[in-house]
Amino acid sequence: MALIVQKFGGTSVGTVERIEAVAEKIVQFRDQGDDIVVVVSAMSGETNRLVALAQEIMDYPTPREMDVLLSTGEQVTIALLSMALEKRGYGARSFTGGQVRILTSDIHTKARIREIDGTRIHAQLDQGNVVVVAGFQGVDDHGNITTLGRGGSDTTAVALAAALEADECQIYTDVKGVYTTDPRVVEDARLLSSITFEEMLELASLGAKVLQIRAVEFAGKYKVPLRVLSSFEEGPGTLISLEGDEKMEDPTIAGIAFERDEAKLTVAGVPDVPGVAYQVIGPVSAAGIEVDVIVQNAAEDGTNDITFTVKRSESDRAKQILDGIQASIGAREVLLDKKVGKVSVVGVGMRSHAGVASKTFKALADESINIQIITTSEIKISVVIEEKYLELAVRALHSAFELGDPDYEKDGGQ
Ligand code: ADP
Ligand code: ASP
Ligand code: MG
C-alpha cells in the first residue's frame, strides 16, 4: 500500500464529465489499496476569467484581493470532485489551502510555501477517505489567503508529497509527459521517458509550463519521486530523475523551451560610471518586477545602453518607473519593445560538447531570424528574438538538434 499524491490540472478537470473521469481514475487506485491525496486546479479557463473580471475594475488590482478572488477557482473543483467520489461510494473530504494549513509567505500572488501541517490530512486518510486539496493557495501568518503564482498547483502537489513523505507525486496533465519541446508547437516533439532534475529545472525556468519551477525545486530538495503523465491516456509518462538514479549517457540537448510574453526595455545613453546598473535595475526589482536577461553595451562616447527583459504584463509598469528616473540618472531615452520572445536550448550534455552555440546561431541564421540578445550558462543558450519568429525558431532548433521523434510519421500517418 502506497501513499500517492495526484495532481490534476485545469484541462483534466475542465468539465463535469472530466471531473467524473478523474474520480474514476482515483477510484482505481483506491481499489488497489493506495492512500490518495488529490490536488486539483481550477477548471480550465477559470483563473483567466477571474483575472479578466478584476481587470475590468482596475489595471493593477490589490494583490491581497486578487488572491481572495483567484483562490475561488480551485475551491469549486475540490467540492465537485469530492462529490463525484462520494457518488461512487468512496469517502472523500475537500480542503482549501487554509484549511489544511499550507502556510506561505505573505507576498500575494507570488507566495512561497513555508510549512505544511499534515495532521488533518493524515486523520482523514486514517479514516479511509480520499483527501482533495485545492492547489495554488495557502495562508500567511495572519490568515490571509495567498496564491502561489500561475501554475502553482504543481507546487502544492509536490510540497504536499514532501510533507506527507508520499511514495510518489503524479502530475496528470493534458499531454503524455515531458517532451523535447511543447508538442503543441512542434508536432514531432519526442516524449521523454525520463529527464534529469537539473534539465527539468532549467526547462521550467525558461518557459516550459508543463511544471511550475517551484514544483521542480521542491522535488529536488526533498527528493520527491515525480512523474508527469496524461489524465486522458494510459502510459508511463516522464519520470523526473533525481541524483543517485542510474545515469544513462546524457544526450547533448534535452529540449527547447520558449517564453512568448516577454518585453524588452532599453535605457539608452546612461553615463558609464559605477553604480548606474544598480540605479536602473534597483527600482524595477524593488517594485516586485522580475528582471530576466540583462545586457549592457558600452558606446564609444563614454555612455552605456542597459537592456533587460521583463514579463510583458509588467512592462508598462517597468517603463513608468524608468521614465521617472531617466532625468536623475542622466539617460538619453527609455525604449520599450513589447514584441519579443525568448527561445532556449537546454541540456546538461552541452557542458562537454563544443559547437552547440554555433549550431544554434546557424539554425536561426538559416531562417533569417535576427538575434537581439544572447545569454548562456553551462547547460543552456537563450536568445531573445522578435516574437513573430518564435515558433519558427523553436521548430528550426528542434530539427537542427535532431530532437524529433523518429516514429512520428508512423504514428501520425493514416
Ligand atoms: P495543467 O493545466 O495540467 O497544469 P499546463 O497547461 O499548465 O497544464 O501544462 C501543460 C502544457 O504544457 C501542455 O499542454 C503543453 O502545451 C505545455 N508544454 C510546454 N512545454 C512542454 C514540454 N516540453 N513538454 C510537455 N508539455 C509542454
Ligand atoms: N489555476 C491556477 C492557474 O491557472 C493554478 C494552476 O492551474 O496550477 O494558474
Ligand atoms: Mg499547469
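Read the numbers this way: they start at 1 and go in the same order the structure lists the ligands and their atoms.
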- prompt: Considering distance alone, does some N or O of S153 sit under 3.5 Å from an N or O of ligand 2?
  reply: yes
query: For ligand 2, which atoms, with element, lie under 4.0 Å from some heavy atom of F136?
result: 2 (C), 5 (C)
task: Decide whether an N or O pair under 3.5 Å exists between G149 and ligand 2.
output: no
message: Using a 4.0 Å cutoff against the non-hydrogen atoms of G177, which atoms of ligand 1 qualify?
response: 24 (N), 25 (C)
message: Using heavy-atom distances only, which candidate in E74, Q137, K209 approaches atom 1 (N) of ligand 2 most closely?
response: E74
task: Working to the nearest 0.5 Å, report the span between NZ of K342 and OG1 of T375.
output: 6.5 Å
query: Of the listed options (I256, T238, D182, T173), which comes nearest to atom 18 (N) of ligand 1 when hydrogens are ignored and any heavy atom counts?
result: D182
message: Is the contact between P183 and ligand 1 made by the side chain, the backbone, both, or neither, using heavy atoms and a 4.0 Å cut-off?
response: side chain
statement: S41 heavy atoms within 4.0 Å reach ligand 2 at atoms 6 (C), 7 (O), 8 (O)
query: Tell me: protein heavy atom nearest atom 11 (C) of ligand 1, and distance?
result: D174 OD1, 4.0 Å
- request: Calculate, to the nearest 0.5 Å, the distance between atoms CZ and CD1 belonging to R64 and I145 respectively.
  value: 7.5 Å
- prompt: Non-hydrogen atoms of G152 versus ligand 2: any pair closer than 4.0 Å?
  reply: yes
message: Taking only non-hydrogen atoms of G10, do any sit less than 4.0 angstrom from ligand 2?
response: no
- line: d(L229 CG, L191 CG) to nearest 0.5 Å is 10.0 Å
- prompt: What distance separates I256 CD1 from K380 NZ, expressed to the nearest 0.5 Å?
  reply: 13.5 Å
field: Rounded distance (nearest 0.5 Å) linking atom CG of D366 with atom OG of S399
entry: 9.5 Å
statement: Within 4.0 Å of some non-hydrogen atom of T181, the atoms of ligand 1 are 22 (C), 23 (N)
query: G255 near ligand 1, heavy-atom distance under 4.0 Å?
result: no
- prompt: Rounded to the nearest 0.5 Å, how far apart are CG of L103 and CG of D117?
  reply: 9.5 Å
- request: Could you tell me which atoms of ligand 1, counted from 1 in the order shown, lie closer than 4.0 angstrom to a heavy atom of V178?
  value: 24 (N)
query: Counting heavy atoms only, which part of Q212 comes closer than 4.0 Å to ligand 2: side chain, backbone, both or neither?
result: neither
task: Mark yes or no: R18 above the aromatic ring of F232, with NZ or CZ under 6.0 Å from the six-membered ring centre and no more than 45 degrees from the axis.
output: yes
Over 12 non-hydrogen atoms of neighbours within 6.0 angstrom of CD in E24: yes
task: Give a yes/no on ligand 1: does K7 have at least one heavy atom closer than 4.0 angstrom to it?
output: yes
query: Near A208, which atoms of ligand 1 are under 4.0 Å from a heavy atom of that residue?
result: 20 (N)
message: Under 4.0 Å from a heavy atom of R150: which atoms of ligand 2 are those, numbered in the order shown and with their elements?
response: 3 (C), 4 (O), 9 (O)
query: Who's the nearest protein heavy-atom neighbour of atom 24 (N) of ligand 1, and how far?
result: Y179 N, 2.9 Å
Closest to atom 27 (C) of ligand 1 among V210, V175, I171 (heavy-atom distance): V210
- prompt: Should the ring pair Y172 and F8 be called parallel, tilted or perpendicular, given that the plane angle runs from 0 to 90° and is split at 30 and 60?
  reply: parallel
- request: Check if S44 has a non-hydrogen atom at a distance under 4.0 Å from any atom of ligand 1.
  value: no
message: Under a 4.0 angstrom heavy-atom cut-off, which atoms of ligand 1 come close to R184?
response: 13 (C), 14 (O), 15 (C), 16 (O)
task: Check the side chains of Y408 and E187 for a donor-acceptor pair under 3.5 angstrom, ignoring hydrogens and angles.
output: yes
- request: Starting from the C-alpha separation in whole Å, work towards a yes-or-no answer on side chain to side chain donor-acceptor pair (under 3.5 Å) for N129 and R30.
  value: CA-CA 9 Å; N129 289 331; R30 274 305 285 150; over 6 Å; no
query: Looking only at protein heavy atoms, which one is nearest to atom 2 (O) of ligand 1, and how far off is it?
result: G10 N, 3.1 Å
message: For the NZ atom on K110, are there more than 12 heavy atoms of other groups (residues, nucleotides or ligands in this structure) within a distance under 6.0 Å?
response: yes
- request: Please say whether more than 12 non-hydrogen atoms of neighbouring residues, nucleotides or ligands are located less than 6.0 Å from CD in E290.
  value: no
query: Tell me: protein heavy atom nearest atom 9 (O) of ligand 1, and distance?
result: K209 O, 3.5 Å
message: Within a 6.0 Å radius of atom CD on E65, are there more than 12 heavy atoms belonging to other residues, nucleotides or ligands?
response: yes
